[in-house]
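Keep in mind that the numbers below use all heavy atoms, side chains included, and drop hydrogens, waters and symmetry copies. Predicted model, so just to flag it, every value in this text is computed and none were measured. All chains are named by letter (A, B, ...) in the order of the sequence lines, taking the proteins before the strands, and each is independently numbered beginning at 1.
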There are 2 protein chains.
Amino acid sequence: MADINISSLADRTAASHADPRTDSAEPMWDIIELLFFAYRDFVSDPDDVLAKFGFGRAHHRVLHFVNRHPGMMVADLLDVLKITKQSLGRVLKQLIDQGYVEQKEGENDRRQRLLFVTPKGEQLAMKLAGLQTERIARAFADLGPQAHDAARRFLVAMIDAEGRDGVQKFIARADRARRPRT
Amino acid sequence: MADINISSLADRTAASHADPRTDSAEPMWDIIELLFFAYRDFVSDPDDVLAKFGFGRAHHRVLHFVNRHPGMMVADLLDVLKITKQSLGRVLKQLIDQGYVEQKEGENDRRQRLLFVTPKGEQLAMKLAGLQTERIARAFADLGPQAHDAARRFLVAMIDAEGRDGVQKFIARADRARRPRT
DNA sequence: CGAAATATGTCAACATGGCTGACATAAATA
DNA sequence: TATTTATGTCAGCCATGTTGACATATTTCG
């Protein structure tokens, strides 16, 4: 996946409608495009595996977050994914029916359906996370020891300012959640 | 867009099916999730604008690459986007019909339909790139002067090894293409 | 207690943007 | 001339997003 093959995209620049400074400064084309290509490759690894299970990216996202945050409420998941409950319902139902995710009644609030991955679900989730981790680890290996920190800070800074703290807490909390003993 | 609101996703970690080391090492959860959140916010800015024009992300990608690479062949675009010509045809036709993109016969090869943005198309493309650039610039401003380079190297390293060179050449060539005079 | 709010699920319909397969046309090339 | 290439187009399918309406159980509040 994802070689570029621009073949002979050479010098057909003849009739370009270039009009510099339609906006203020020059756009950061490099980062804009690298984000596109990097993200596309990043999600392609899981996509290939998921296809064999008859799942798509939507299933991946649900499985990922439930695995990362066992005991998540449906409402929490909707908040994180920012999709409608109808969209979520469709893929969640499939994951439950096929035994990758299960629901348990909340102990305090019996309206809640707390979500957990089954062992089968965890196995798939970890497989997918492993693929993505391999790619990231390869990248960091190429770049030196400070790369992890630099990447983390870059990505955090790219998140909407209002959401930043929430995301970081969310990640930190999940780290605790998945390792009650250690 | 994109605040997280995990509400009270607190300590419902009771019945976690944790089984460490289904794979070898621990996944890099932080980068995996930060990429998800960062990319989601990154594309949300253009999405809002595009919606007002009745366009979607697919139109954005086409407009972006045609703007960046005036004179691109249809086949080049298919290679970059990695979608089928039928999928491309749909959105491309809309962009042409509504006057954002135009086609010209290739001079050497009259089968080719070389793609160009119209002034109207360029204006929209630059508007969208401007939004994304603002976000990136804000991030770099938070992080110091080496941040641009660090981010670029991280993203390049995340691209499939085979595609890496092609992408970098593609970006470099586009930089030349849009500024024949300077 | 009873009313209202909350958490969830479900039905139906629709839009977007991927996909496959088949086929058509014009132009270049062997 | 025959074939290959670049492009377009028709028809239909699938995944995943949307809105709106409504149902159910449970909790919470006045």
Side-chain angles (χ1 to χ4, degrees), chain A residues 1 5-9 12 40 43-44 46-48 50-63 66 71-97 101-115, chain B residues 1 5-9 12 40 43-44 46-48 50-63 66 71-97 101-115:
Chain A
M1 273 239 150
N5 276 338
I6 317 91
S7 55
S8 56
L9 216 169
R12 297 185 231 92
R40 198 187 37 169
V43 293
S44 77
D47 279 357
D48 296 342
L50 288 157
K52 297 183 206 154
F53 290 76
F55 290 147
R57 227 168 268 182
H59 302 88
H60 185 193
R61 289 193 284 264
V62 171
L63 190 62
V66 173
M72 214 174 188
M73 283 172 47
V74 170
D76 297 330
L77 204 42
L78 292 176
D79 260 352
V80 171
L81 299 179
K82 299 239 204 292
I83 58 174
T84 58
K85 65 178 169 180
Q86 295 89 332
S87 292
L88 174 58
R90 212 156 24 191
V91 296
L92 184 53
K93 190 171 189 313
Q94 297 173 43
L95 287 168
I96 291 169
D97 289 349
V101 170
E102 57 186 2
Q103 296 182 311
K104 303 192 179 175
E105 245 181 20
E107 292 183 3
N108 303 330
D109 187 335
R110 292 177 40 227
R111 288 170 304 182
Q112 297 173 349
R113 304 301 167 84
L114 308 188
L115 301 171
Chain B
M1 273 233 150
N5 275 336
I6 319 90
S7 56
S8 56
L9 218 172
R12 295 186 233 92
R40 198 188 37 173
V43 293
S44 78
D47 279 356
D48 296 343
L50 288 157
K52 295 183 204 152
F53 290 75
F55 290 148
R57 226 167 270 183
H59 302 87
H60 184 193
R61 289 193 284 263
V62 171
L63 189 62
V66 173
M72 212 173 190
M73 284 172 47
V74 170
D76 297 330
L77 204 42
L78 291 176
D79 260 351
V80 171
L81 299 179
K82 298 238 206 292
I83 58 175
T84 59
K85 65 177 170 181
Q86 295 88 333
S87 292
L88 174 59
R90 216 155 22 191
V91 297
L92 183 54
K93 190 171 189 312
Q94 296 173 39
L95 287 168
I96 291 169
D97 289 349
V101 170
E102 57 186 3
Q103 295 181 311
K104 303 193 178 176
E105 244 181 19
E107 294 184 2
N108 304 329
D109 188 335
R110 291 177 42 228
R111 290 170 301 180
Q112 298 172 350
R113 305 301 167 83
L114 309 187
L115 302 171

task: Report yes or no: does B/D109 contribute a side-chain atom to a donor-acceptor pair with the main-chain N or O of B/G106 at less than 3.5 Å?
output: no

Residues B/L78 and B/K85: closest non-hydrogen pair is CD2-CA, 3.6 Å

Counted 5' to 3', the first and last nucleotides of DNA chain D within 4.0 Å (strictly under) of a heavy-atom of chain A are D/dT16 to D/dT27

When rounded to whole Å, the CG to P distance for the pair B/L78 and C/dT20 reads 12 Å

Is the phosphate of C/dG18, meaning OP1 or OP2, less than 4.0 Å from a side-chain N or O of B/T84? no

The salt bridge (Lys or Arg N to Asp or Glu O under 4.0 Å) partners of B/K93 (sequence neighbours excluded) come to B/D97

Of B/R113 and A/R61, the one whose nearest nucleotide on DNA chain D sits closer to the 5' end is B/R113

For nucleotides 25-30 of chain C, 5' to 3', base contacts (B), sugar-phosphate-only contacts (S) and non-contacts (-) with protein non-hydrogen atoms under 4.0 Å give --BS--

By side chain to side chain contact (heavy atoms under 4.5 Å, CB included), B/Q103 pairs with (sequence neighbours left out) B/V74, B/L92, B/I96, B/R113, B/L115

Nearest heavy-atom approach of A/R40 to B/V80 is NH1-O, 2.9 Å

Sorted by chain and residue number, the salt bridge (Lys or Arg N to Asp or Glu O under 4.0 Å) partners of B/R90 (sequence neighbours excluded) come out as none

Applying side chain to side chain contact (heavy atoms under 4.5 Å, CB included) to A/R110 and not counting sequence neighbours gives A/E105

Heavy-atom nearest pair, A/A58 first then A/V91, reads CB-CG1, 3.7 Å

Within residues 85-95 of chain A, the residues having a heavy atom closer than 4.0 Å to DNA chain C are A/K85, A/Q86

Phosphate-side-chain proximity, B/H59 and C/dG17, N/O vs OP1/OP2 below 4.0 Å:
yes

The side chain to side chain contact (heavy atoms under 4.5 Å, CB included) partners of B/R57 (sequence neighbours excluded) come to B/V43, B/D47, B/R61

Q: In sequence, state the C-alpha distance, the side-chain angles, and the governing distance for B/F55 and B/L95, and then conclude on side-chain contact (heavy atoms from CB on, under 4.5 Å).
A: CA-CA 9 Å; B/F55 290 148; B/L95 287 168; 3.9 Å; yes

